[in-house]
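Here's the structure, in structure tokens; my notes come after.
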Amino acid sequence: MTTTTLNSLARASSAYLRSAMHQPIQWHEWGEEAFATAQRENKPMLLDIGAVWCHWCHVMDRESYDDPEVAAIVNEHFIAVKVDRDERPDIDSRYQAAVSAVSGQGGWPLTAFLTPDGKPFYGGTYFPPSDGYGRPGFKRVLLSIAAAYKEKNGDVVEQAKMLENAIAHAESFAGRSGRISASVIKAIQESAFKMFDPQHGGFGQAPKFPHPSALDLLIEQYTRTGDDSLRNLIVTTLEHMANGGVYDQLAGGFHRYSVDERWVVPHFEKMCYDNSELLKNYVHAYQATGSEFFASVARDIVRWMDEWLSDRERGGFYASQDADISMDDDGDYFTWTLDEARAVLTEEEAQVAALHYDINEIGEMHHNPAKNVLYVRAPLDEIARRMNLTVERVRNLLASAKKKMYAARLQRQTPYVDKTVYVGWNSMCVSAYLEAAKVLELEDARRFALGSLDRILAEAWKPLADADEGARATRSRLLHVVAYSDPTAEHREISGTLDDYAATALACLDAYEATADLSYFKFGQAISDAMIAKLFDPISGGFFDAEPAADGKDLGVLSTRRKPLQDSPTPAGNPMAAIALLRLHHYTGDAGYRDKAELTLEAFAGVAEQFGIFAATYGIAVVQFLEDPVQVVVISESGADNAGSALATAAYSRFAFNKTAIRLTANQVVAANLPPALAATLPNLPQLKTGKSFAVLCSGFTCQPPIHDAAELRRALEPAQTIKAD
């Protein structure tokens with residue numbers, strides 16, 4: 001009988017770390033104990049950064065870290081530290097910058113070698129166990145690094161200093177401020193057109209990522225200008241993505257990215273943040289084009305997230321779903337052989353499904369050539385002609401086939417769902433659900449989003465009571481994690497990052513607009529105030545991504561301050577923070593919020609254009625800074641009033657960054673129930689006493705004359721054609 005000795009990761013909280021608790025490596029979690037051991041024993045550190053959803057992380061775990069020979073080398077020569085990039089994005093971002101500087105590439109697994117005080121001097125991503133894939137074998141790398149540390153320590157220290165400088169210069173932007181200008185929007189648009197693939201949609205060649213912030217900016221520019229070239233880019237990209245294998249044709253929801261330029265073969269992991277931002281893309285594209293196809297894709301994303309990434313009991317969105325079951329599996333759960341499809345379908349259904357989804361004897365998967373990725377190859381009318389059937393008959397056969405294939409797929413072993421509830425990602429999902437709910441009238445999505453936000457505020461927001469305003473903002477805090485996937489794991493209180501604060505503040509403002517419940521507005525303001533107190537740089541402008549250690553003893557390279565500008569792939573923290581502050585200014589009239597937003601945008605204005613589509617969220621923030629805000633307030637006698645509902649539908653129908661919409665009943669229009677800017681105007685409107693529904697367009701502390709007709713409201717909301725330069 002054999003017994004398994006667990007390493008120290010058995011005490012970890014994250015699913016990724018706990019998955020390695022059985023490995024023979026003497027892993028440490030990131031912390032003082034690991035660094036003290038390295039310094040005491042004068043050993044270099046081996047840092048592995050990965051994620052539970054990462055296929056190649058699992059491959060390297062199985063090939064190398066499960067291998068007793070590799071473990072013996074690591075345990076003799078290194079202090080090994082394992083980090084979950086989802087749990088600690090602050091650690092990941094800094095060491096990614098270092099490894100990119102030395103190897104020219106980043107990604108996961110990130111394999112870095114550090115001095116005992118945590119300074120990186122060498123690294124890469126995946127290393128095969130033996131020489132291959134154009135990479136040196138991991139055992140050889142380990143022994144070479146151990147020898148270099150002992151025999152050429154001066155060179156190692158010098159290399160570590162160089163890489164530390166590379167980290168310091170990655171997204172620090174010190175002293176590079178400039179004037180905020182609409183030219184950055186033009187530069188992003190030009191970058192998008194230059195990278196656009198007119199045949200398959202998307203940007204660049206393989207591998208292809210979605211770039212949802214860039215798509216949102218381009219959709220808004222199309223609504224403003226009516227430029228047909230923008231419409232073509234948007235429609236081509238979104239249609240090809242939704243018809244491709246990168247979209248799960250049976251369950252709904254997007255995989256993380258496509259390994260080919262046609263969007264056919266994906267990396268099969270699914271992330272909540274990809275789907276939240278793409279959900280907004282499809283909702284906004286529906287608003288901009290009227291395409292029912294885009295609306296149906298949006299509803300389908302919600303369907304998948306409801307089924308797979310939602311805690312239906314307590315509220316909250318789970319982090320991700322894995323791509324596969326084992327190292328030898330590559331998306332087998334999601335892919336089909338022709339025989340597998342025939343086994344669960346009638347002959348007619350199988351014919352339709354094979355033609356529609358391009359299911360053949362030979363598929364697209366290299367590890368198993370019989371496996372097919374489902375993607376839309378032939379439209380229904382073409383299939384109808386080829387099979388001599390009506391389009392309606394083909395549609396019914398396809399619907400039946402999809403239902404049966406999905407039911408059969410559910411009988412397969414399901415890839416792991418990481419049920420960790422991350423605050424920032426959840427807030428992004430809340431905002432996306434609320435956006436979809438108001439435009440597509442999805443009441444269940446609205447209800448779930450609000451319940452999820454309530455859970456975040458109850459469990460992750462730690463306000464300080466009974467203190468003066470300054471101390472309250474400084475000492476109140478937001479956590480990064482609400483709940484971990486393994487309910488038996490110890491819960492760690494990890495401080496929230498800039499992304500967590502900014503996304504949650506925005507979700508609170510979105511929830512206020514969805515409900516007219518002032519408590520959400522107050523939460524958004526308090527969280528923004530804490531974000532300013534903890535992370536804002538009053539000297540150079542902009543926000544740091546994370547707080548320094550309370551005792552001033554940051555481990556490794558965490559003392560390097562970062563101000564994130566690039567979307568990667570989630571929206572960047574600084575422009576998100578600026579957007580939150582601009583929206584707060586519109587509701588409060590407090591110039592301090594606008595001033596800090598302006599300083600934040602100025603901090604990057606001199607360099608933002610160089611980042612092209614990767615600065616798209618910055619471009620969105622610039623639009624909101626330069627454009628006068630429009631707050632559409634629909635006031636009706638009751639929530640069920642037909643005229644009020646028609647006005648609300650008109651208010652929601654147009655997509656524009658500078659437009660917000662809120663619906664109130666007449667008895668809600670009292671100063672105590674409104675944010676300052678609306679409290680100064682709405683209660684004084686004489687139309688409140690008429691008993692009729694109406695809408696007003698407000699900006700700052702003034703409102704235009706009331707509008708009673710939905711068509712007239714739509715005309716009033718026609719977007720301006722240009723963005724003012726100053």
Side-chain angles (χ1 to χ4, degrees), residues 87-94 97 167-168 170-177 422-425 427-428 456-457 460-464 469-481 493-509 523-555 557-568 570-585 590 592-604 617-618 621:
E87 185 184 42
R88 293 302 303 267
D90 53 336
I91 298 172
D92 177 60
S93 60
R94 287 158 173 78
I167 299 170
E171 296 197 276
S172 61
F173 304 108
R176 299 183 187 177
S177 62
Y422 290 106
V423 169
W425 294 358
S427 294
M428 290 163 59
I456 291 170
L457 296 173
W461 173 236
K462 306 294 182 181
L464 178 71
E469 185 175 340
R472 188 160 56 245
T474 302
R475 293 166 56 194
S476 297
R477 67 190 185 115
L478 188 67
L479 302 181
H480 179 59
V481 181
E493 286 203 349
I494 297 173
S495 295
T497 64
L498 173 61
D499 289 5
D500 295 315
Y501 279 93
T504 306
L506 289 169
C508 289
L509 296 179
F523 274 119
Q525 187 171 21
I527 290 168
S528 297
D529 289 343
M531 175 178 72
I532 292 167
K534 293 174 178 298
L535 301 173
F536 185 67
D537 180 354
I539 299 172
S540 301
F543 288 83
F544 298 113
D545 67 329
E547 289 183 83
D551 59 4
K553 298 178 181 177
D554 284 299
L555 298 174
V557 294
L558 288 183
S559 58
T560 303
R561 309 306 303 274
R562 283 185 70 250
K563 293 180 183 176
L565 165 66
Q566 296 186 75
D567 302 327
S568 60
T570 53
N574 267 283
M576 274 204 300
I579 292 167
L581 298 186
L582 290 168
R583 288 175 65 180
L584 277 174
H585 170 248
D590 184 340
Y593 290 129
R594 181 176 171 85
D595 290 345
K596 291 178 179 63
E598 184 173 12
L599 287 170
T600 297
L601 296 177
E602 284 180 344
F604 309 103
T617 306
Y618 179 87

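Along the sequence shown, residues carry numbers from 1.
Between Asp567 and Thr617, the closest heavy-atom pair is OD1-OG1, 2.8 Å. When every heavy atom of Ala603 is checked against every heavy atom of Gly542, the shortest pair comes out as CB-N, 4.3 Å. Residue Asp499 comes nearest to Thr570 through the heavy atom pair OD2-OG1, 4.2 Å, listed as atom of the first residue, atom of the second, then distance. A pairwise comparison of heavy atoms in Ala621 and Leu582 identifies O-CD1, 3.9 Å as the closest pair. Residues Pro575 and Pro564 come closest through the heavy atom pair CD-O, 4.1 Å. What you find for Tyr501 and Ala530 is that their closest heavy atoms are CE2-CB, 4.0 Å.
Proximity of Glu493 to Arg477: side-chain heavy atoms (C-beta onward) are separated by under 4.5 Å at one or more points. By the 4.5 Å heavy-atom criterion applied to side chains, Phe543 and Ile532 are counted as neighbours. Counting heavy atoms from C-beta on, the side chains of Leu506 and Ser427 never come closer than 4.5 Å. At least one side-chain heavy atom of Ser476 sits under 4.5 Å from a side-chain heavy atom of Trp461. Contact annotation: the side chain of Lys563 approaches that of Ser540 to within less than 4.5 Å [non-hydrogen atoms, C-beta and beyond]. Looking only at side-chain heavy atoms (C-beta outward), Leu457 and Ile527 come within less than 4.5 Å of each other.
For the ring pair (Phe, Tyr, Trp, His ring centres under 6.0 Å) test, residues two or more places apart in sequence or in another chain that qualify with Tyr422 are Trp425, His480. Under the side chain to side chain donor-acceptor pair (under 3.5 Å) criterion, Thr600 pairs with no residue, sequence neighbours left out. With sequence neighbours left out, Asp545 forms a salt bridge (Lys or Arg N to Asp or Glu O under 4.0 Å) with Arg94, Arg562. The ring pair (Phe, Tyr, Trp, His ring centres under 6.0 Å) test applied to Phe544 returns no partner, not counting sequence neighbours. With sequence neighbours left out, the salt bridge (Lys or Arg N to Asp or Glu O under 4.0 Å) criterion links Arg594 to no other residue.
From Leu599, atom CG reaches atom CD1 of Ile539 across 12.0 Å, with rounding to the nearest 0.5 Å. Taking CG of Asp500 as the start and CE of Met576 as the end, the distance is 8.5 Å to the nearest 0.5 Å. Atom CG of residue Asp529 and atom OG1 of residue Thr474 lie 10.0 Å apart, to the nearest 0.5 angstrom. Interatomic distance, Cys508 SG to Ile456 CD1, rounded to the nearest 0.5 Å: 8.5 Å. The structure places CG of Asn574 at 12.0 Å from CD of Gln566, a figure rounded to the nearest 0.5 Å. Atom CE in Met531 sits 10.5 Å away from atom CG in Leu478 (nearest 0.5 Å).
Remark: the backbone N or O of His585 is not paired with any side-chain donor or acceptor of Asp590 at under 3.5 angstrom.
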Extract all donor-acceptor atom pairs below 3.5 Å that involve side chains of residues 546-553 and protein atoms in other chains or at least two apart in sequence.
{"residue": "Asp551", "atom": "OD1", "partner": "Lys553", "partner atom": "N", "Å": "2.9"}

> Run the side chain to side chain contact (heavy atoms under 4.5 Å, CB included) check on Thr504 and Val423 step by step: do they pass?
Replying inline: CA-CA 7 Å; Thr504 306; Val423 169; 3.3 Å; yes
>> Working note: Lys596 + Leu584, criterion side chain to side chain contact (heavy atoms under 4.5 Å, CB included); need CA distance, chi angles, decisive distance, verdict.
In response: CA-CA 11 Å; Lys596 291 178 179 63; Leu584 277 174; over 6 Å; no
>> Run Leu498 and Phe536 through side chain to side chain contact (heavy atoms under 4.5 Å, CB included) and show every step you take.
In response: CA-CA 10 Å; Leu498 173 61; Phe536 185 67; over 6 Å; no
